[in-house]
Amino acid sequence: MDETSFKQSSQNNRRIAKNTLMLYFRMILSMLVTLYTSRVVLNVLGVEDFGIYNVVGGVVTMFGFFNGAMASATQRFLSYEIGRNNFGQLKKTFNVAQIIHVCIGLLIFILAETIGLWFVNNYLNIPTGRMEAARWIYHFAVLSFLVSIIQVPYNAVIIARERMDVYAYVSILEVSLKLLIVFMLKWIVFDKLKLYGILIFVVTCIIASIYRIYCRKNFNETAFEIVKEKSLYRTLVSYSGWNLFGNIAAVAKGQGITIILNIFFGTIVNAAQGVSNQVNGAVQSFVFNFQTAVNPQIIKSYAADNKEYMTNLIIQSAKFSFYLLFILALPIILEIDIILRLWLKTIPEYTALFTVLILINALIESMSGSLMTAVQATGKIRAYQLVVGTLLILILPVSYLFFKLDYPPDSTFVVCIFISIIALIVRLYFIRRYIPEFHISRFLGEILLKNIPIVAFFIALPMAFRVQMSTGWLRLVLVFISSVISCATVIYLIGLNRVERKYMKRCAQKIFSVFKLR
């Protein structure tokens, strides 16, 4: 690597570090408020209405496979054009994406208010007397989702431009508004479930407006213009077409499971899944923030034909994503019962088991994030989406079969774990196929093989406290502290190579200086 490339790589690493720190600030604030608000919302709404909100929201989100496909394409193409320093094409790409997202929003609105509403009325397992409230929350969930769809290109350009500090600042307002919602649920005398849907819609509109105003003032490419190049529309739509299959699979895995659980077990189990997803979302936000900071650099390095740097980013992102998640997931898994008792007044049945299984699945998937981004960067996604998407879709029929055979509701998450392991292997194959510079043996050696002794060392000390002490505050605190200390120590000594340890030392020394970089 020549001196210019080395300086550019160093600058990119510092930018990733700065953006990661800004996203962590956003995440910590959001996580604290989310955990508090979800506790209060569960108590105010009650287990039944909380379950209704989750399953009805799941029906709306099912239509998001259209939007998810275009969101991935928009993010990829914007980052790619920035990597090529092609501003003219960047502006065209943004406006084409904006027009397509408006069309997608209108299509989803029509489908949701016809097919979706029919499904809610005829197939969801909603308790007698709450169907009107369920319809009410459904309509406002559709409107909130519509606003989010139209907003996608603006969020994508902020990420592509790596302005992660914007998310941190806007999140202060967002979590403040969500906190205000909690108090309004207590103060206002009205059907709590209906009121919750209205207030969430209002917050969604406010936040979307702020992001849009910021983008219009700071990024010239967001100035609206009609693009008449049909080839560009075809390129984005064609790319999204294959992404569409992958997003249908992701929806089947996520919201599809919610609906199947509702059909077989009712809203109480949906409430347990909703709480488990809150815990998983809070923990996974650590990994998501890190990957959000890294992903644009993976795409840009591919566009700049810097495959060596790209390969390093893929492996390091997978490695650190697993470490970050495991440090938090381990003590939660070990002490889930007492955590739920301290956090919630009412604990839906299956919540603890669901949470543990979902976190195990998240640990496996954490190693796949950078692999998925790398495939997206190449643009060769047809075969990848067909194979991986088919694997994910299999979760639904297999889960349905298990439920028909009277297996318990947690069996669907066990199926997810096994499918995620197979999907990781398949993703490695496609990365090697599309990026010859990437070596599977290096990935296996630096991540999977190293993780085995690391996990063993991780578990030893906190497990000793768990076995020797009775359940209580003291054991919980000791398990958390010992987990963090043992994890940090073992990761530094075993998980990192010499170059990474040296880099971590520099980051620690310059942690304040990174904020000076723009």
Side-chain angles (χ1 to χ4, degrees), residues 30 33-34 37-38 40-68 101-102 104-127 129-152 155 173-212 251 254-255 258-259 262 267 270-271 273-275 277-278 281:
S30 298
V33 175
T34 298
T37 55
S38 60
V40 177
V41 168
L42 175 59
N43 291 330
V44 172
L45 296 183
V47 173
E48 190 174 88
D49 277 3
F50 188 76
I52 291 173
Y53 179 79
N54 276 279
V55 70
V56 170
V59 174
V60 176
T61 311
M62 281 192 69
F63 291 99
F65 57 81
F66 291 106
N67 178 54
H101 273 88
V102 170
I104 290 174
L106 294 175
L107 175 61
I108 290 179
F109 180 79
I110 294 170
L111 291 174
E113 290 295 340
T114 53
I115 298 173
L117 186 59
W118 167 81
F119 185 84
V120 170
N121 288 330
N122 293 279
Y123 286 96
L124 287 190
N125 187 358
I126 305 296
R130 297 305 289 159
M131 182 54 77
E132 181 189 354
R135 293 193 194 100
W136 187 292
I137 200 75
Y138 179 80
H139 292 308
F140 276 98
V142 170
L143 292 174
S144 297
F145 196 55
L146 180 62
V147 173
S148 299
I149 291 171
I150 299 173
Q151 180 61 24
V152 165
N155 290 351
L173 175 61
E174 184 176 4
V175 297
S176 299
L177 291 173
K178 289 183 177 179
L179 196 58
L180 180 61
I181 287 177
V182 170
F183 295 116
M184 293 180 72
L185 286 175
K186 294 181 177 181
W187 296 334
I188 300 177
V189 180
F190 191 68
D191 187 301
K192 305 300 181 184
L193 185 57
K194 295 179 180 179
L195 180 62
Y196 189 59
I198 296 171
L199 295 176
I200 289 294
F201 170 67
V202 172
V203 170
T204 302
C205 292
I206 292 173
I207 298 304
S209 300
I210 292 172
Y211 279 131
R212 180 167 298 208
V251 168
Q255 283 66 46
T258 300
I259 292 173
N262 174 262
T267 56
N270 286 130
Q273 184 196 17
V275 173
N277 286 335
Q278 292 278 4

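Position 1 is the first residue of the sequence; numbering continues from there. Just so it is clear, the model here is predicted, and its values are computed rather than measured.
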To the closest 0.5 Å, what do you measure between CD (Gln151) and OG (Ser209)?
8.0 Å

Mind checking what makes side-chain contact (heavy atoms from CB on, under 4.5 Å) contact with Ala271, not counting sequence neighbours?
Val47, Phe50, Pro348

State, to 0.1 Å, how close Ile149 and Ile104 come at their nearest heavy-atom pair, and which atoms those are.
CG2-CG2, 4.2 Å

Which atom pairs, donor and acceptor, lie under 3.5 Å between side-chain atoms of residues 191-208 and protein residues at least two apart or in another chain?
| residue | atom | partner | partner atom | Å |
| --- | --- | --- | --- | --- |
| Asp191 | OD1 | Arg130 | NH2 | 3.2 |
| Asp191 | OD1 | Leu193 | N | 3.1 |
| Asp191 | OD1 | Lys194 | N | 3.3 |
| Asp191 | OD2 | Arg130 | NH1 | 3.0 |
| Asp191 | OD2 | Arg130 | NH2 | 3.4 |
| Lys192 | NZ | Leu185 | O | 2.4 |
| Lys192 | NZ | Ile188 | O | 2.8 |
| Lys194 | NZ | Glu132 | OE2 | 3.3 |
| Thr204 | OG1 | Ile200 | O | 2.8 |

Set of ring-ring contact (aromatic ring centres under 6.0 Å, His included) partners for Phe190, sequence neighbours left out
none

Can you see which heavy atom on Gly105 is nearest to which on Leu146, and at what distance?
O-CD1, 3.2 Å

What side-chain donor-acceptor pairs closer than 3.5 Å can you find for residues 108-116, not counting sequence neighbours?
| residue | atom | partner | partner atom | Å |
| --- | --- | --- | --- | --- |
| Glu113 | OE1 | His139 | ND1 | 3.0 |
| Glu113 | OE2 | His139 | ND1 | 3.1 |
| Thr114 | OG1 | Ile110 | O | 2.6 |
| Thr114 | OG1 | Leu111 | O | 3.2 |

Going by heavy atoms in the side chains, are Asn121 and Leu117 under 4.5 Å from each other?
yes

Is the closest side-chain heavy-atom distance between Ile210 and Glu174 below 4.5 Å?
no

